[in-house]
Amino acid sequence: MAREIIFYKTTGGRSPVEEFLDSLSSKQAQKVAWVLTIIEELELIPAQYFQKMVNTDELWEVRVKIGSNIFRLLGFLDGSKLVVLSHAFQKKTQKTPRQAIQIAEQRKRDYFSRRNT
């Protein structure tokens, strides 16, 4: 097994990434699921689908393009095999919004603080 992907959950049990995926059309959601499968199964993932983000707290981004729509799922690694996706959005600008990065980083800190208790 190469990797496992899980979705971050808030203390209240909500999963922001799942909620985002539920808002997509079935075709968009299928493409996202396909990319997530690649990330889980391939040893070497093409950078067009999964890339470490610069100038962040060790965040990674899942990159999905379907037609003219671009989606990003931000997350982090927990060990070498577990990918935790903590934030997702539709990308409308060249740069990833700083706020999206801050949300993902805050959820990462929350995840590890709760995991270590």
Side-chain angles (χ1 to χ4, degrees):
M1 183 196 105
R3 266 167 228 89
E4 180 188 359
I5 293 174
I6 64 169
F7 298 137
Y8 165 86
K9 286 198 173 9
T10 65
T11 49
R14 282 183 48 241
S15 172
V17 174
E18 282 183 51
E19 290 170 10
F20 174 80
L21 295 178
D22 287 345
S23 74
L24 301 179
S25 73
S26 64
K27 194 171 181 176
Q28 291 168 332
Q30 280 178 327
K31 176 78 183 258
V32 172
W34 180 78
V35 172
L36 294 180
T37 301
I38 287 175
I39 292 167
E40 284 190 321
E41 294 181 355
L42 291 185
E43 201 56 48
L44 289 170
I45 308 160
Q48 76 194 66
Y49 298 124
F50 193 59
Q51 195 166 4
K52 190 169 183 190
M53 299 179 74
V54 294
N55 300 324
T56 66
D57 179 20
E58 297 289 308
L59 290 182
W60 289 73
E61 67 176 349
V62 176
R63 307 155 67 100
V64 182
K65 189 172 191 314
I66 176 160
S68 60
N69 293 311
I70 299 172
F71 302 106
R72 290 288 185 266
L73 291 79
L74 305 184
F76 50 89
L77 303 179
D78 181 355
S80 60
K81 299 288 184 211
L82 186 62
V83 179
V84 182
L85 296 179
S86 60
H87 186 56
F89 62 96
Q90 184 167 356
K91 194 165 179 200
K92 307 233 190 254
T93 58
Q94 200 60 36
K95 283 181 65 132
T96 298
R98 185 80 215 137
Q99 184 190 6
I101 293 169
Q102 289 168 338
I103 290 169
E105 288 177 336
Q106 185 272 321
R107 288 176 179 161
K108 176 184 176 182
R109 287 190 296 273
D110 175 61
Y111 170 88
F112 281 111
S113 71
R114 286 191 286 140
R115 194 198 73 168
N116 294 332
T117 52

Does some side-chain heavy atom of Val83 sit less than 4.5 Å from a side-chain heavy atom of Phe50? yes
Interatomic distance, CD@Gln30 vs OG1@Thr37, rounded to 0.5 Å, equals 11.0 Å
To the nearest 0.5 Å, atom CG of Leu42 lies from atom OH of Tyr49 at 9.5 Å
In short, Asp57 meets Glu105 closest at the heavy-atom pair N-OE2, 2.8 Å
Heavy atoms of His87 and Ile103 approach each other most closely as ND1-CG2, 3.6 Å
* Are there more than 12 heavy atoms of other residues, nucleotides or ligands under 6.0 Å from atom CD of Gln48? -> yes
Tell me if a side-chain donor or acceptor on Lys31 pairs with a main-chain N or O of Lys65 at a distance below 3.5 Å.
yes
Point to revise | Trp34 and Ile66, any side-chain heavy atoms less than 4.5 Å apart | key: no
Closest non-hydrogen contact found for Ser86 with Val17 is C-CG2, 3.6 Å
- [ ] Tell me whether Leu59 is reachable from Leu85 by hopping between hydrophobic residues (I, L, V, M, F, W, Y) whose side-chain heavy atoms are closer than 4.5 Å.
- [x] no
Distance col, row Asn69:CG vs Lys27:NZ, nearest 0.5 angstrom, shows 11.0 Å
Output yes when a side-chain donor or acceptor of Lys108 lies under 3.5 Å from a complementary backbone atom of Asp110, and no otherwise. no
Parallel, tilted or perpendicular for Phe76 and Phe112, by the 30°/60° rule?
tilted
With a 4.5 Å cut-off on side-chain heavy-atom distances among I, L, V, M, F, W and Y, is there a chain of contacts connecting Phe20 to Val35?
yes
The reported gap from CG in Leu21 to OG in Ser15 (rounded to nearest 0.5 angstrom) is 8.0 Å
* Got a donor-acceptor contact below 3.5 angstrom from the Arg3 side chain to the Glu43 backbone? -> yes
Residues Pro16 and Tyr8: closest non-hydrogen pair is CD-O, 3.7 Å
Review point. Honestly curious: do Val64 and Phe7 fall in one hydrophobic cluster under the side-chain, below-4.5 Å linking rule?
Key: yes
> Going only through I, L, V, M, F, W and Y residues with side-chain contacts under 4.5 Å, is there a path from Ile70 to Val62?
Replying inline: no
All heavy atoms of Phe71 vs all of Gln28, minimum pair found to be CZ-NE2, 3.5 Å
**Study point:** Full working for side chain to side chain contact (heavy atoms under 4.5 Å, CB included) between Leu74 and Phe89
**Key:** CA-CA 9 Å; Leu74 305 184; Phe89 62 96; 3.9 Å; yes
Cluster check Leu24, Leu36: I/L/V/M/F/W/Y, side chain < 4.5 angstrom
yes
Separation between CG (Leu82) and CD1 (Ile6), nearest 0.5 Å, reads 4.5 Å
Please check this pair: side chain of Arg72 against backbone of Lys91, looking for a donor-acceptor N/O pair closer than 3.5 Å.
no
Shortest non-hydrogen pair, Leu73 vs Ala88, comes out as CG-CB, 3.9 Å
query = Short question: side chain of Glu40, backbone of Ile5 - any donor-acceptor pair under 3.5 Å?
reply = yes
Checklist line | Heavy atoms from other residues, nucleotides or ligands near CG of Asp22 exceed 12 (cutoff 6.0 Å) | finding: yes
To the nearest 0.5 Å, atom CD of Gln51 lies from atom CH2 of Trp60 at 8.5 Å
